[in-house]
Amino acid sequence: MTLTSAGQLGFQAFIALLSVLLWGCDSYKVDSLSEKSLIYCSEGSPEIFNPQLVTSGVTVDATSKQLYNQLIAFDANTNEVIPSIAKSWHVTQDNKKITFYLRKNVAFHHTRYFKPTRFLNADDVLFSFNRILDPTQIFHDVSGGKYPFFDSVAFADVIDSIERINDYTIRFNLKRADSSFLANLATDFSVILSREYAELLIRSNKLEDIDTLPIGTGPFKFKEYRTGSYIRYEPHTAYWEGQSHLQQLIFDITPSNTGRLTKLLAGECDVIGYPIAHQEITKNPQLTLEDVTAFNIGYLGFNTTKPPFNDKRVRRAVAHAIDKQAILDTVYLGDSKAESANSILPPSSWAYAKDTQSVEHSPEKAKELLQQAGISKKFTIDLWAMPVQRAYNPNALTMAKLIQADLQKIGITVNIVSYNWQEFLRRLALGEHQAVLLGWSADHPDPDNFFTPLLSCGSAETGNNRTFWCNQKFERLLAAALNITDLAQRKALYREAQKIAAEELPLFPIAHSKRFQARKKSVQGDILHPFGGISFGRVEKQ
């Protein structure tokens, strides 16, 4: 029987068959392989195997921390930037030159399609970032030539040049100070690729393989991918932080929430993402339910360039009319617990302003504001509800219906609109909507990762700021906060920015949700992170 036909069997049967194929009739070794193989049931298929090119959570989960490393990383407990491939770094006083000192003897993956002849060095770092920055670099346009995370943080506008000082020293020269720069380099998107592998692909005219047959320095190496079915990884035996205790890592792609739960209860998954039925899981003595307070925000965004939401009194009226607690109790009930949001920043952010003005639920104030805005007659608005589930908004359609009922009480008829996800995003970027239920999950803990993508003028120009709100005073505060490194001063600037956002209300913050995961108790080690993807590098089965 071939592996292709095996892939059509149940996944547990496939693993058993795989064990037999690999180990023959040695029952001890079959048991050992099964015990040390971890199956993660994920909610979707990765779009590609290079997180430089996409920002989807599915792709980041499947690739970033399994296959790759960055120069620096985030401590999972403190959120501080810590060494990774770069063992240390130095930032000049003007915050415009950052020099990284690389570790030696960092090995790339040795696979059936690439056999490295050297360790990682500065050439690989230079190659990885030049692919993003230099439109003349041969790999720049491969796989679409889009680098959405780096575009969103204006990466090309910040970097003046990258210098190779020697084999293990590399320097980033910035055009201007940017206090979020280190945090951006520590995200899951800033992975280091192999220049030697890229040169092999040029010679063999297989440039696209760099993103589909990945080579990294991470704890696992790519073995096999069956689209829509599973991904198989093997441990990187020469991993610089030490080889994984797992003999293989399987991503079993199971989009159905019910399907993932069923597989977990049947023992066909060791860990599942985005579990449902939390009470059933917590009652099971063999299972553990985990959660982290995610760095995210679910919100109602107003298109501030279109009537009636170009008038902040109307925006505030709608906010007053919405019973936020009813939304929290209904949409985020049980399996999707969340806390009420007053700011786009979650309270766990160091820049969160505790005194940010909240909007009380008051239909009477809503009606007064509509009168002040000169609106005395009933009118209709379109409210767009995203068609997909996200941790920050697990059910946008239900949320839209609740808001529809609330606004009906103040004379506003709500027409709920939705499209398929790709069309939804395309039309949003064009600004076709009046109001939208959407959200944001931060890529790193720096507060700029909320403010700039969601509410900056630059982001409004690209369509990523779905409110299209552009406030010059707010903009100057963001720029000033990026130009300094003093935390107290930055906090004061962001406090003022939150005050402006609360007054102008381009978007109405609704909830900061949690991210959940369920696993067998035999699985040990940290997997979930408050932002970014999941990691199996330090996980083992007991």
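Small disclaimer: the values here were computed from a predicted structure and weren't measured. Heavy atoms only: backbone and side chains are in, while hydrogens, waters and symmetry mates are out.
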Would you call the rings of [X] and [Y] parallel, tilted or perpendicular if under 30° counts as parallel and over 60° as perpendicular?
{"X": "Phe181", "Y": "Phe155", "value": "parallel"}
{"X": "Tyr239", "Y": "His236", "value": "tilted"}
{"X": "Phe49", "Y": "Phe222", "value": "perpendicular"}

Thinking salt bridges, do [X] and [Y] make one under a 4.0 Å N-O criterion?
{"X": "Asp329", "Y": "Lys324", "result": "no"}
{"X": "Glu268", "Y": "Lys263", "result": "no"}
{"X": "Asp188", "Y": "Lys65", "result": "yes"}
{"X": "Arg538", "Y": "Asp526", "result": "no"}
{"X": "Glu290", "Y": "Arg519", "result": "yes"}
{"X": "Arg495", "Y": "Asp355", "result": "yes"}

Could you grab the distance from atom [atom1] of [X] to atom [atom2] of [Y], nearest 0.5 Å is fine?
{"X": "Thr254", "Y": "Leu261", "atom1": "OG1", "atom2": "CG", "answer": "11.5 Å"}
{"X": "Thr452", "Y": "Asn465", "atom1": "OG1", "atom2": "CG", "answer": "10.5 Å"}
{"X": "Arg466", "Y": "Leu455", "atom1": "CZ", "atom2": "CG", "answer": "12.5 Å"}

Check: Do we get Arg427 above Tyr419's six-membered ring, with its NZ or CZ under 6.0 Å from the centre and within 45° of the axis?
Finding: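 Geometry flag: set, cation within 6.0 Å and 45°.
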
Notebook entry, point to check: Is it true that a side-chain atom of Ser128 and a backbone atom of Leu193 form a donor plus acceptor pair closer than 3.5 Å?
Noted result: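 Yes, the answer is positive, given that a donor and an acceptor are paired below the 3.5 Å cut-off.
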
Check: Okay, side chain of Ser459, backbone of Pro453: is any donor-acceptor separation there less than 3.5 Å?
Finding: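 Looks like yes, one N/O pair under 3.5 Å.
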
When the aromatic ring centroids of [X] and [Y] are compared, is their separation below 6.0 Å?
{"X": "Trp440", "Y": "Tyr392", "value": "no"}
{"X": "Phe451", "Y": "Tyr494", "value": "yes"}
{"X": "Tyr230", "Y": "Phe251", "value": "no"}
{"X": "Phe516", "Y": "His278", "value": "yes"}

Next item on the list: Give me the one residue out of Phe149, Phe150, Tyr147 that meets ring-ring contact (aromatic ring centres under 6.0 Å, His included) with Phe189.
Entry: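 One option only clears the test, and that one is Phe149.
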
Next item on the list: Decide whether Ser143 and Asp211 meet the rule of one side-chain donor and one side-chain acceptor closer than 3.5 Å.
Entry: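 A donor-acceptor contact under 3.5 Å links the two side chains.
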
Note to self: For the residue pair Ser522 / Gln542, report whether a side-chain donor-acceptor contact shorter than 3.5 Å exists.
What the structure shows: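 Their side chains do not contain a donor-acceptor pair, so the 3.5 Å distance test is not met.
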
Item checked: Criterion ring-ring contact (aromatic ring centres under 6.0 Å, His included) on Tyr299 and Phe508, from CA distance to verdict -> CA-CA 6 Å; Tyr299 65 81; Phe508 180 44; over 10 Å; no

Margin query: Show, in sequence, the C-alpha distance, side-chain angles and deciding distance for Gln52 and Asn50, and conclude whether the side-chain hydrogen bond (donor to acceptor under 3.5 Å, both in side chains) test is met.
Written below: CA-CA 5 Å; Gln52 291 179 328; Asn50 181 353; 3.2 Å; yes

Notebook entry, point to check: Run the side-chain hydrogen bond (donor to acceptor under 3.5 Å, both in side chains) check on Asn69 and Thr217 step by step: do they pass?
Noted result: CA-CA 6 Å; Asn69 292 119; Thr217 59; 2.8 Å; yes

Notebook entry, point to check: Given Lys541 and Asp270, is the salt bridge (charged side-chain N to carboxylate O under 4.0 Å, His left out) satisfied, shown in steps?
Noted result: CA-CA 9 Å; Lys541 290 175 70 177; Asp270 296 301; 3.3 Å; yes

